[in-house]
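Numbered from 1 within each chain, the chains take letters A, B, ... in sequence-line order. What you see is a predicted model; the values in this text were computed from it and never measured.
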There are 2 protein chains.
Amino acid sequence: MSNSKLYKGSLSTIILKLLSKEDKMYGYEITQRVKELTKGELKITEGALYPALHKLEADGLLEVEMQKVDNRLRKYYKLTQKGTTETVSKLEELERFMETMNGLMNPKPSLG
Amino acid sequence: MSNSKLYKGSLSTIILKLLSKEDKMYGYEITQRVKELTKGELKITEGALYPALHKLEADGLLEVEMQKVDNRLRKYYKLTQKGTTETVSKLEELERFMETMNGLMNPKPSLG
DNA sequence: TTTTATGCATAAGAAATTTATGTATGTTTG
DNA sequence: CAAACATACATAAATTTCTTATGCATAAAA
């Protein structure tokens, strides 16, 4: 993650969200997908991505499946049951954060 | 900051935004204002707030004015010129972040 | 008189990054 | 054909930003 400043804490939500619609993805693929979906606004660095994936796996949210393609090793990640549940809650959390920030940035003048 | 998980990096933006409409505020006042504006969703802890204020001051974005009220000392902060400029850019950054996250969470299916 | 509110501050530790490397294979390009 | 770029993973050191835990001080409320 670099360039357009990301708020720390959002990376795992991004990963989980992508995996919730793709069934399985590998690390490099995730960096490319994010780059294309955000038109280059967001660039996930490997230094952030791989530790994040390892942590999600260690927490039991992702499971791994190795695969050799074109003589190159790929590590495919997919959501576990627990991961699917956690994804929902992370997305709700993001939603709340966005609404809260909106309320702070554009406060409704109190009536009366 | 505790409770409703905040994305790290947003605190200084919140502080700057509040000061951009209030002329001057002191630390404790900021914690209370945030609590009331977010209906308790966001609670800024002193451990996060004071170091953040000190950093903004050190960076030349805020200036300080001490004042004694009811035998209690208050440290009022206000935006400097540089702080006003930086506020605009921080708000744009937040706006871009929100749009980017929205694009990731609700991607438009590519036409064709 | 103990808790709660007001008001500031710092220090230790944790979490999530950035930046800098390292390894390896395959393709493109000058 | 050598150098650069793309693909693919990984880790380590340093930095940023926060949480948690204290500490000090005044004043009001219970």
Taking atom C1' of dA8(D) as reference, at what distance in whole Å does atom NZ of Lys24(A) sit? 16 Å

Heavy-atom nearest pair, Met98(A) first then Asn102(B), reads CE-N, 4.3 Å

Ignoring the backbone of Arg74(A), work out which of dC8(C), dC9(D), dT17(C) is nearest its side chain. dC9(D)

Closest of dT6(C), dG26(C), dA9(C) to the Tyr28(B) side chain is dT6(C)

Contacts of Lys75(B) and Gln32(B) projected onto DNA chain C by closest heavy atom; the upstream (5') one is Gln32(B)

Is a donor-acceptor contact shorter than 3.5 angstrom present between the side chain of Lys8(A) and the base of dT16(D)? yes

Counting only side-chain nitrogens and oxygens, does Tyr50(B) get under 4.0 Å of the OP1 or OP2 atom of dC8(C)? yes

Judged by nearest nucleotide, the residue sitting upstream toward the 5' end of DNA chain C, Lys55(A) or Asp70(A), is Lys55(A)

Measure centre to centre between the rings of Phe97(B) and Tyr7(A), then say whether the value is under 6.0 Å. yes

Verdict with supporting geometry, Lys17(A) and Thr87(A), side-chain hydrogen bond (donor to acceptor under 3.5 Å, both in side chains): CA-CA 7 Å; Lys17(A) 169 66 183 181; Thr87(A) 301; over 6 Å; no

When the distance from NE2 of His54(A) to P of dC9(D) is rounded to whole Å, what number comes out? 9 Å

Counterpart residues, side-chain hydrogen bond (donor to acceptor under 3.5 Å, both in side chains), relative to Tyr28(A) (two or more places apart): none

Touch class at under 4.0 angstrom, heavy-atom based, for Gly27(B) against every strand present: sugar-phosphate

Closest approach to the side chain of Pro51(A), judged atom by atom: which nucleotide of dT11(D), dG7(C), dT7(D) is it? dT11(D)

Taking the six-membered ring of Tyr76(B) as reference, does the cationic atom of Lys24(B) (NZ for Lys, CZ for Arg) lie under 6.0 Å from its centre and within 45° of its axis? yes

Give the nucleotide from the list dA9(C), dG26(C), dC9(D) with an atom nearest to the side chain of Asn71(A). dG26(C)

What is the distance, rounded to the nearest whole Å, between atom CG of Leu73(A) and atom C1' of dG26(C)? 15 Å

Glu46(A) CD to dT17(C) P, straight-line distance once rounded to whole Å: 15 Å

How is Gly9(B) classified with respect to the nucleic acid when contacts are heavy atoms under 4.0 Å: base, sugar-phosphate, or nothing? sugar-phosphate

Sugar-phosphate only, base, or nothing, as touched by Arg72(B) at under 4.0 Å among non-hydrogen atoms: base

I want to check one thing: is the phosphate of dT26(D), taken as OP1 and OP2, less than 4.0 Å away from some side-chain N or O of Lys68(B)? no

